[in-house]
Amino acid sequence: MHSYRSHTCGQLRKSNVGESVKLSGWVHRKRDHGGVLFIDLRDTHGLTQVVAEGNAELEKIRAESVITIEGEVVNRAEGTTNAKMPTGEIEVVVKSVTVQSHAEVIPFQVAEDDGAGEDVRLKYRYLDLRREGMHSRVRLRNNVIAAMRRRMWAEGFQEFNTPILTASSPEGARDYLVPSRLHPGKFYALPQAPQQFKQLLMMSGFDRYFQIAPCFRDEDGRADRLAEFYQLDMEMSFVEQEDIFRVMTGVIGGIFEEFADFTGEKRRVEFLPNMKYADAMNTYGSDKPDLRNPLVLCDVTDVFKRDDVTFNAFKGVIEKGGVVKAIRAPKVADRPRSFFDKLNDWARGEGAVGLGYITVKDGVGAGPIAKFVPAEAQGQLNKIAGLEEGDAIFFICDKEDKALKFAGRARDKICDDMDIREKGVYKLFWIVDFPMYEFDEKAQKIDFSHNPFSMPQGGLDALNGPDPLKVLATQYDCVCNGYELASGGIRNHRPDIMERAFAIAGYSKDVLEKKFGGMLNAFRYGAPPHGGCAFGVDRIVMLLADEPNLREVYAFVMNGQYEDPMMNAPSDITEAQLKDLHLKLNLPKKVEAA
RNA sequence: GCGGGUGUAGUUCAGUUGGUUAGAACGCUUCCCUGUCACGGAAGAGGUCGCGGGUUCGAGUCCCGUCACUCGCGCCA
């Protein structure tokens, strides 16, 4: 007979009645009736009820201890079956027990969700992972990754591993650095993405690369952003943007459809047409708009410029080059004053002056600032924003980029307060035509707005045009329900165009050679046109699991301050280690005092 | 770096206008119970009210500072 088990805890059925079996697992729940004792025994496959009579060892056993039982599968008496359990028609009558491991009193409940906070869950993550929710989400993640590999291989892609210890890159996020023992004073960097390596694979003649790639970025976290994360990274040669879209819409769309019923309710998957970056910003105030939100932005600067409109708070901003963006909220004019006050409070809490609004009641404007807008101007406002009886319109006035960004957030907030976000659907689409450059206000210079390696639309001619800020990049994102799922581009494979592209952003040829010489050299020995993108694996799983936080779909993960309370990372190191690495600490005073 | 929220038993939380010995549920300990499946019943243990300072006759409650966690902003080419 097997040492630990003949069956799993999710396996036994009526057909097994009469068999002698061995089960091993955790004590999920215990119900002691004095003479008779029930234990729900759990492993990763399920639960089985085992029954014991007068067993002193089992009577003492604590929840989450690990035991092995031998016994006989029997039919449950009529009226005592449990339709909620797949194994609920049978039970195992215990003949002998081996306690593999006694559990101490657990810090939070495993058998149910007792709402324990993230702190304590992360400290005892192995217990947290035993719980049904985490257990199934981590399994979902495995299934999604398996599906990604299966689908990518089916499309003819090959998986490559690329270095984890690599060179620091000057652009983008902060790198995680690793000191070199053999080369005093030098550092490796953990990759923010395998960007250069995957392009080098295209130079190497492989024309379809992918990898479930670990990526590292030393920037402050968010609910959907961690220090380390995984991407489905891919690259193809001899392709245009539409070729990438065709392949990846198929792969990712297929995965969404495959797992859209994970939560128990089947969700729809919709593919929407590509959207230009400029349209996304102007219509939604975001480069990753949630299209389940029906609200849109419009520009009503002209209305507030009118001589007969006397709202001076906006006029002053407009004179300094500002704009007025507006959001039409249908059929909310009858909402209580508190609806509008709450939005105003939210706006002020976010650092705005407030969220001005006008409601349309009985054909005329109403609300605090309506008195500054005479009938004729109100008419123009109605026309621009499509206002109808019973609607409200909210205003955001600021410099254009700030106004758009804040209007985008207000759009989401108003949608939530109105409770009109569409449910049960994934809305996937590509955002295209990102600008190549932006003006960096702080440095007072032109800089890359996204990936410096993407091909400018129009090539060298476009870069030699009069206004670099008007040049578009062959750069795109994939967006779903307000999350940026992927980012990518058709790459610049021409050294001459790259030199010019970097020159515009103020990087000399020397700097370019020094930082990207390896890749630039490769371009000089025959580079195929190529492009690709990278999808955030964890964000996809998060959407499929309907969880608002990445930490809910990762087995082991750091907290919001990028600490691991279970492993105690990051941690101090010894003097000897520092010496080996030729390092001396220079700590801020605050840390030294503590 | 900045802002919002939270911090009371192992866990999740309640705690009134500043006023008796700080409560509940779950968990834990002991006992009773032969058909439960969130078993039931009885008794019990368990608290640096995040930390420090202040106001007050008196502080979980008010004030100042500080720390931790969390969400967001900045940042994330």
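Just so we're on the same page: letters track the sequence lines, and every chain starts at 1.
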| So, are A:Asp412 and A:Arg409 salt-bridged, with charged N and O less than 4.0 Å apart? | no
| message | Among residues at least two apart in sequence or on other chains, which ones pass ring pair (Phe, Tyr, Trp, His ring centres under 6.0 Å) with A:Tyr554? | response |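 A:Tyr554 satisfies ring pair (Phe, Tyr, Trp, His ring centres under 6.0 Å) with no other residue.
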Separation of [X] atom [atom1] from [N] atom [atom2], in whole Å?
{"X": "A:Lys30", "N": "B:C33", "atom1": "NZ", "atom2": "P", "value": "16 Å"}
{"X": "A:Phe406", "N": "B:G3", "atom1": "CZ", "atom2": "C1'", "value": "13 Å"}
{"X": "A:Asp218", "N": "B:G1", "atom1": "CG", "atom2": "P", "value": "13 Å"}
{"X": "A:Asn75", "N": "B:G35", "atom1": "CG", "atom2": "C1'", "value": "15 Å"}
{"X": "A:Lys413", "N": "B:G4", "atom1": "NZ", "atom2": "C1'", "value": "12 Å"}
{"X": "A:Leu127", "N": "B:G10", "atom1": "CG", "atom2": "P", "value": "17 Å"}
{"X": "A:Arg131", "N": "B:A38", "atom1": "CZ", "atom2": "P", "value": "18 Å"}

| field | Donor-acceptor pair present, A:Asp40 side chain and B:C37 base, under 3.5 Å | value |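 Flag unset: no donor-acceptor pair detected.
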| query | Within the modelled atom types, does a donor on one side and an acceptor on the other bring the side chain of A:Arg31 and the base of B:C33 under 3.5 Å apart? | reply | no
By salt bridge (charged side-chain N to carboxylate O under 4.0 Å, His left out), which residues pair with [X], not counting sequence neighbours?
{"X": "A:Arg551", "answer": "A:Glu118"}
{"X": "A:Lys413", "answer": "A:Asp417"}
{"X": "A:Asp477", "answer": "none"}

| message | Using the P atom as the point on both nucleotides, what is the distance between B:U30 and B:G35, in whole Å? | response | 23 Å
| query | Mind checking what makes side-chain contact (heavy atoms from CB on, under 4.5 Å) contact with A:Gln241, not counting sequence neighbours? | reply | A:Phe245, A:Val432, A:Thr474, A:Tyr476, A:Ile490
| Under the side-chain contact (heavy atoms from CB on, under 4.5 Å) test, which residues partner A:Asn82, sequence neighbours left out? | A:Arg76, A:Lys84, A:Met85
| task | Quick one: which residue pairs count as a ring pair (Phe, Tyr, Trp, His ring centres under 6.0 Å) with a foot in residues 396-418 of chain A, not counting sequence neighbours? | result | A:Trp346-A:Phe406
| task | Quick one: which residue pairs count as a ring pair (Phe, Tyr, Trp, His ring centres under 6.0 Å) with a foot in residues 33-88 of chain A, not counting sequence neighbours? | result |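 Only A:His33-A:Phe38 qualify under ring pair (Phe, Tyr, Trp, His ring centres under 6.0 Å).
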| query | Looking at RNA chain B, which of residues 106-114 of chain A put a heavy atom within less than 4.0 Å of it? | reply | A:Pro107, A:Gln109, A:Asp114
| Where at least one partner belongs to residues 35-57 of chain A, residue pairs that pass salt bridge (Lys or Arg N to Asp or Glu O under 4.0 Å), sequence neighbours excluded |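 Checked against salt bridge (Lys or Arg N to Asp or Glu O under 4.0 Å) - neighbours excluded - the pairs reaching residues 35-57 of chain A are A:Arg5-A:Asp43, A:Arg31-A:Asp40, A:Arg42-A:Glu64.
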| request: Take A:Tyr209 and A:Asp233, measure what side chain to side chain donor-acceptor pair (under 3.5 Å) needs, and give me the verdict at the end. | output: CA-CA 8 Å; A:Tyr209 146 95; A:Asp233 191 43; 2.7 Å; yes
| query | Considering only B:C39, B:C37, B:U11, which nucleotide approaches the side chain of A:Gln49 most closely? | reply | B:C37
| request: Taking Watson-Crick and G-U wobble pairs with both distances under 3.5 Å, convert RNA chain B into its dot-bracket string, 5' to 3', dots for unpaired and | for cross-strand pairs. | output: (((((((..((((.....[...)))).(((((.......))))).....(((((..]....))))))))))))....
| field | Annotated protein contacts, base or backbone, on nucleotides 69-76 of chain B with a non-hydrogen cut-off under 4.0 Å, one of B, S, - each | value | SBSSBBBB
